[in-house]
Amino acid sequence: MAKRIYNFYAGPATLPLPALKKAQKELLDFHGTGMSLMELSHRSKEYDAMHKEASSLVRRLMKIPDDYKILWLQGGASSQFYMAPLNLQKDGKSFEYVNTGVWSKKAIKEAKFYGEVKVVASSEDENFSYIPKNIDFSSDAAFAHITGNNTIYGTEFQEWPDVPGDVPLACDMSSHIMDKVIDVKKFGVIYAGAQKNIGPAGVTLLIVREDLLERIPENTPTMQKWKTHVEKDSLFNTGPCWAIYICKLSLGHLESIGGVPEVEKINRKKAKILYDLIDNSNGFYKGHAKPDSRSLMNVTFNLPTPELEEKCVKEALEKDLVGLKGHRSVGGMRASIYNAMPIEGVNTLADFLKEFQENNQ
Ligand SMILES: *Cc1c(COP(=O)(O)O)cnc(C)c1O
């Protein structure tokens with residue numbers, strides 16, 4: 001058996017071991033074809049069945065209504081930063097964004113290429129340590145946009161803001177898609193790079209309500225229209241076949257353990273272990289996110305000094321707890337505890353942090 005460590009990287013991130021083992025088993029001969037899935041035509045019936053099952057899994061796991069379409073795209077969530085405003089623009093109306101961190105800012109920057117952007121709420125005043133309350137979207141925006149979970153700062157929307165009238169809400173769920181049960185009907189568009197919570201790098205999942213597919217200007221390049229990919233079931237061109245396949249295995253595993261409701265319970269337990277530890281450390285560990293905005297997926301915290309932070313990351317590494325260095329804009333440490341992180345990993349980390357505090361305070 002290969003050595004496996006606890007991987008707390010923010011993304012690409014840990015994947016469910018059963019999914020990796022299945023991929024290993026099928027690597028050379030996918031379903032009796034005598035070929036790897038990597039070698040298989042994306043027009044073959046074997047590939048097609050796998051592709052359809054991947055989309056069906058997303059639909060079942062998130063209980064996605066029939067009038068929403070599921071797309072597997074390339075270019076990362078970062079490409080949706082421009083494709084969302086491009087596809088959702090309407091009659092010269094402005095776009096309304098909530099700024100909750102680095103990824104929101106990147107999305108805002110791209111949206112400005114297509115129209116006027118109004119930032120209706122921001123938590124920049126306190127280094128993005130909270131999710132703004134009472135967000136006031138207006139009824140005459142082309143669309144509203146939020147970042148559901150802020151990977152770098154460790155904040156997450158606990159409830160969805162109201163959007164008036166028929167303004168569609170777009171949400172970047174890259175770092176928390178399927179971490180908890182959500183009502184998809186609250187959104188016009190959901191997008192997520194797969195490499196944090198559902199699969200490997202190289203594919204972006206997009207969920208879009210079909211009435212929104214008619215807005216895009218005619219003179220838009222074919223590949224940039226969501227509608228192109230909807231009409232061809234994400235097989236307009238050669239897609240990221242292998243990445244979709246790993247998503248299928250990872251999502252199949254999620255379904256086998258009870259789906260999103262079950263993983264939500266586990267995620268809440270996992271996050272509580274670390275937040276309780278922070279709260280009971282007499283200030284040795286200081287959480288970055290305000291308690292009412294805490295993320296289930298990325299737990300961010302600082303130690304008394306940068307020297308201790310460096311030491312802590314280094315000693316964790318010696319114990320096979322990998323990827324705990326915080327993002328440079330927050331410093332400190334970050335434990336990314338996505339769906340595929342087993343609770344044993346979180347307990348091991350908590351035990352290590354307790355011991356580190358005893359030895360260093
Ligand atoms: C990682 C991340 C992105 C960037 O995703 P890419 O697929 O690398 O483009 C965007 N938004 C959020 C919230 C992220 O965590």
Side-chain angles (χ1 to χ4, degrees), residues 7-15 71-86 97-111 113 119 122-124 127-132 144-158 160-161 169-180 182 187 189-207 223-224 226 229 234 239-240 242-244 246-247 250 267 288-289 293-300 323 325-330 334-341:
N7 170 2
F8 294 94
Y9 277 121
T14 191
L15 286 164
L71 296 180
W72 302 98
L73 302 174
Q74 289 179 296
S78 299
S79 289
Q80 297 312 314
F81 293 165
Y82 79 85
M83 281 176 72
L86 175 60
Y97 277 67
V98 177
N99 178 14
T100 49
V102 165
W103 297 115
S104 303
K105 280 188 170 182
K106 291 192 180 193
I108 289 165
K109 179 173 177 236
E110 300 301 308
F113 289 117
V119 177
S122 166
S123 50
E124 191 160 21
N127 198 18
F128 301 114
S129 57
Y130 66 98
I131 300 290
H145 183 282
I146 59 173
T147 312
N149 181 72
N150 298 280
T151 327
I152 292 171
Y153 306 90
T155 63
E156 177 170 352
F157 277 81
Q158 316 288 313
W160 305 115
L169 179 61
C171 186
D172 174 2
M173 292 196 188
S174 292
S175 54
H176 78 135
I177 189 157
M178 302 192 204
D179 74 334
K180 60 188 176 191
I182 64 160
F187 301 90
V189 179
I190 292 167
Y191 61 91
Q195 69 274 18
K196 281 152 186 156
N197 213 22
I198 55 170
V203 65
T204 307
L205 178 64
L206 186 117
I207 299 159
M223 280 293 286
Q224 298 184 355
W226 289 336
H229 303 285
S234 307
W242 176 256
I244 296 170
I246 302 295
C247 287
S250 157
N267 286 339
H288 178 72
S293 301
R294 283 171 165 174
S295 167
L296 290 177
M297 301 273 94
N298 310 97
V299 179
T300 50
K325 191 170 160 34
H327 189 272
R328 61 191 176 281
S329 41
V330 180
R334 168 176 57 181
S336 297
I337 50 173
Y338 298 119
N339 284 2
M341 169 59 65

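Values reported hereafter were calculated over all heavy atoms of this structure, with side chains retained and with hydrogens, waters and symmetry mates removed. For reference, positions follow the sequence shown, starting with 1. Both counts, for ligands and for their atoms, begin at 1 and track the order of listing.
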- In this structure, which one of P132, S104, S122, S123 forms a side chain to side chain contact (heavy atoms under 4.5 Å, CB included) with V98? P132
- Query: What atoms of ligand 1 come closer than 4.0 angstrom to any heavy atom of G76?
  - Reply: 7 (O), 9 (O)
- Query: Does a donor on one side chain sit under 3.5 Å from an acceptor on the other, for D172 and S174?
  - Reply: yes
- Message: With heavy-atom distances below 4.0 Å as the criterion, list the atoms of ligand 1 near T147.
- Response: 13 (C)
- Item | Protein residue, atom and distance nearest to atom 14 (C) of ligand 1, heavy-atom basis | K196 NZ, 2.9 Å
- Are any of the heavy atoms in K106 under 4.0 Å away from ligand 1? no
- How far is atom 15 (O) of ligand 1 from its nearest protein heavy atom, and which residue and atom is that? T151 OG1, 2.4 Å
- Could you tell me whether Y191 approaches ligand 1 through its side chain, its backbone, both or neither, with non-hydrogen atoms closer than 4.0 Å? neither
- Message: I need the single residue from T151, D179, I177 that forms a side chain to side chain contact (heavy atoms under 4.5 Å, CB included) with K196. Which is it?
- Response: T151
- Query: W160 ring centre to K180 NZ or CZ under 6.0 Å, with the angle to the axis within 45°?
  - Reply: yes
- For atom 9 (O) of ligand 1, grab the closest protein heavy atom and report residue, atom and distance to one decimal in Å. S78 OG, 2.6 Å
- Within the side chain of N339, is there an N or O that forms a donor-acceptor pair under 3.5 Å with the backbone of M178? yes
- Message: Checking contacts here: is it the side chain or the backbone of A77 that comes within 4.0 Å of ligand 1, counting heavy atoms only? Could be both or neither.
- Response: both
- Just by distance, do the side chain of S295 and the backbone of T155 share a donor-acceptor pair under 3.5 Å? no
- Strictly under 4.0 Å, does any heavy atom of N149 approach an atom of ligand 1? yes
- Query: Looking at atom 11 (N) of ligand 1, what's its closest protein heavy atom, distance included?
  - Reply: D172 OD2, 2.6 Å
- Message: Main chain of Q74, side chain of T204: is a donor-acceptor contact present, judged purely on distance under 3.5 Å?
- Response: no
- Would you mind checking which non-hydrogen protein atom is closest to atom 8 (O) of ligand 1, with the distance to 0.1 Å? Q195 NE2, 3.3 Å
- Return the minimal non-hydrogen interatomic distance between T300 and I152, and the atom names on each side. CG2-O, 3.5 Å
